[in-house]
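Only one structure is covered here, and it is reproduced in the block below.
Keep in mind that the numbers below use all heavy atoms, side chains included, and drop hydrogens, waters and symmetry copies. Start at 1 with the first residue, then count along the sequence.
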Amino acid sequence: MFGLKKEINKGRSWKRLEKQAKRMRKIEMRDMFDKDLKRAEKYSIKFDNMLLDFSKNLIDDKSFSALLKLAKDAKVAERIEQMFAGNKINTTENRAVLHVALRNKDNHPIYVDGKDVMPEINRVLAKIKNFSEAVRLGKFVGHSGKKLTHIVNIGIGGSDLGPKMASEALKKYWAKDIQCYFMSNIDGTACVEILNKLDPETTLFIVCSKTFTTIETLTNAKTCRRWLVDALGEPAVAKHFVAVSTNVEEVAKFGIDTENMFEFWDFVGGRYSMWSAIGLVIAIAIGYENFEKMLSGAYAVDKHFKTAEPAKNIPLVLALLSIWYNNFFGIRSHAVIPYDQYLCYLPAYLQQLVMESNGKLVGRDNKFVRYQTAPVIFGGAGTDVQHSFFQMIHQGTSMVPCDFIVPAISHNEIGEHHEILLANVLAQSEALMKGKTMSEAAAELKAAGKSKEEITRLKKYKSFKGNRPSNIMVFKKIDPYTLGMLVAVYEHKTFVEGVIWNINSFDQMGVELGKQMALKILPELQGSRDGSKHDSSTKALISYIRRLRR
């Protein structure tokens, strides 16, 4: 039902794109801009308060049309309909994929197994609203009656990266008396360093684990529980811990009042869950009204994704460009650079979204794929990264496509800071496209008074090949609505890539093997079980580490 009859790389549209890529390798972007003064207009999309300029890419009308044909042949439009309809497109786990239902602001019915899921979603959203407002207003207080002002989200993966990224992105909207912390790493240092900053009487812990068995999350939660009980006693647990989970029995056993347990569902994958009760920490930090605006921004993109024509569909276009470079130019990495300090965690969030979703080697047809799937995602906040990996992006041997994300207005307009920031992002995109020829470099050196010998020696070092692709996404300001739009764009982009690669973007079985093996090694490190079944390297390492720990 969901697999393609023929491998996508065997079809006509794929073969056509291979020819187009061979042709486009010989074309310079700066020449295309010189010949077509309306190129930027032709390859830009305006939607709501967002502008995507994708004109600085190695595409022209023929190659772009061929990319759109690939999407048609892969039946992307049909897959979109199936997702929004609640079909079980997560085929390996036989689940629907309905993070879109969590922000369904029109509240139209969405069915899974014949049951409308919206009443239950609305019930949990109402519970999030009531609880977040009670904490913010000091109506839900700690064991000693003090207001809870230190909020600690304990989770890992999607239960950590999404809430952390969004909370930091919207820090300007935090209540003035609330501080949020995110505990994910099982390294005891991460736990201790956060606890050292807290007052037990004013701390609320949110334990995020669907099954309430995730080893990293529960280990951290139990340590926090002991810390709280040592300070305030056992009865304090019910006033200082809440859970985002589906395991009522384990939540109650932990000592959490099950009235303060917030559910989410199998049709919500971890890395798509910040719109659900996993976003409780966001709602507490920024207020439920702003949390709803974030949902509304995502819903606006959902409607755009579902209804826009392919050539003007932002997630679809971004996905096709990613596939263009990944599969037809052999480029294995992609950089995401937000020019906004509040978005500093966005690249890490997108690493999980893209690489966990599409880092797959088995197709929906249960066959190994014979083409590259997910690229490596990396990045960081501009302008910092201009002084780290941009040297490679400009002059390295490998081409790295870039997404630049920038707000026209900063939340902190002081002096010339934001205008300098804007100048930098625009300059980087233009420089990657244009580059600098050796003759241009030589002319600059001559104008600087360099000798012929110096010019001959330096002109290669001072030249840049250019013709390196980038997209620019411009927003008015990074507010809750805009952030919702931005994240939804990347979610749907990732979905389209998975559809075209004919893989299931919604399981994450590759996460499990290392975890399973760690559970076997743990008792061996503790000395309660022999480790003779391991390879010689692992056995030697276990033995050496045990000696050091003694």
- Message: Can you confirm whether or not the ring centre of Y345 sits under 6.0 Å from the ring centre of Y349?
- Response: no
- Please confirm whether Y173 and H411 have ring centers closer than 6.0 angstrom.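 Yes, the ring centres sit under 6.0 Å apart.
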Side-chain ([X]) to main-chain ([Y]) donor-acceptor, under 3.5 angstrom:
X: R332; Y: N326; result: yes
X: S322; Y: L318; result: no
X: N49; Y: K476; result: no
X: N185; Y: D187; result: yes
X: K42; Y: D60; result: no
X: N424; Y: T383; result: no

I'd like to know if [X] pairs up with [Y] as an ion pair, taking the criterion as any Lys NZ or Arg NE/NH1/NH2 lying under 4.0 Å from an Asp or Glu carboxylate oxygen.
X: E497; Y: R79; result: no
X: K436; Y: E440; result: no
X: K360; Y: D507; result: yes
X: K172; Y: D479; result: no
X: K69; Y: D73; result: yes

- Task: Is it possible for you to check whether R103 lies under 6.0 Å from the centre of the six-membered ring of Y299, through NZ or CZ, and within 45° of that ring's axis?
- Result: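 Checked: cation-pi criterion not met.
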- Where M274 and V487 come nearest, the two heavy atoms and their spacing: SD-CG1, 4.2 Å
- Query: salt bridge (charged side-chain N to carboxylate O under 4.0 Å, His left out): which pairs involve residues 456-470, sequence neighbours left out?
  - Reply: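 Salt bridge (charged side-chain N to carboxylate O under 4.0 Å, His left out) check on residues 456-470 returns no pairs.
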- Query: Taking it one step at a time, do F64 and F54 satisfy ring pair (Phe, Tyr, Trp, His ring centres under 6.0 Å)?
  - Reply: CA-CA 11 Å; F64 188 49; F54 62 100; 5.6 Å; yes
- Cut-off 3.5 Å, side chains only: do D403 and H334 have a donor facing an acceptor? yes
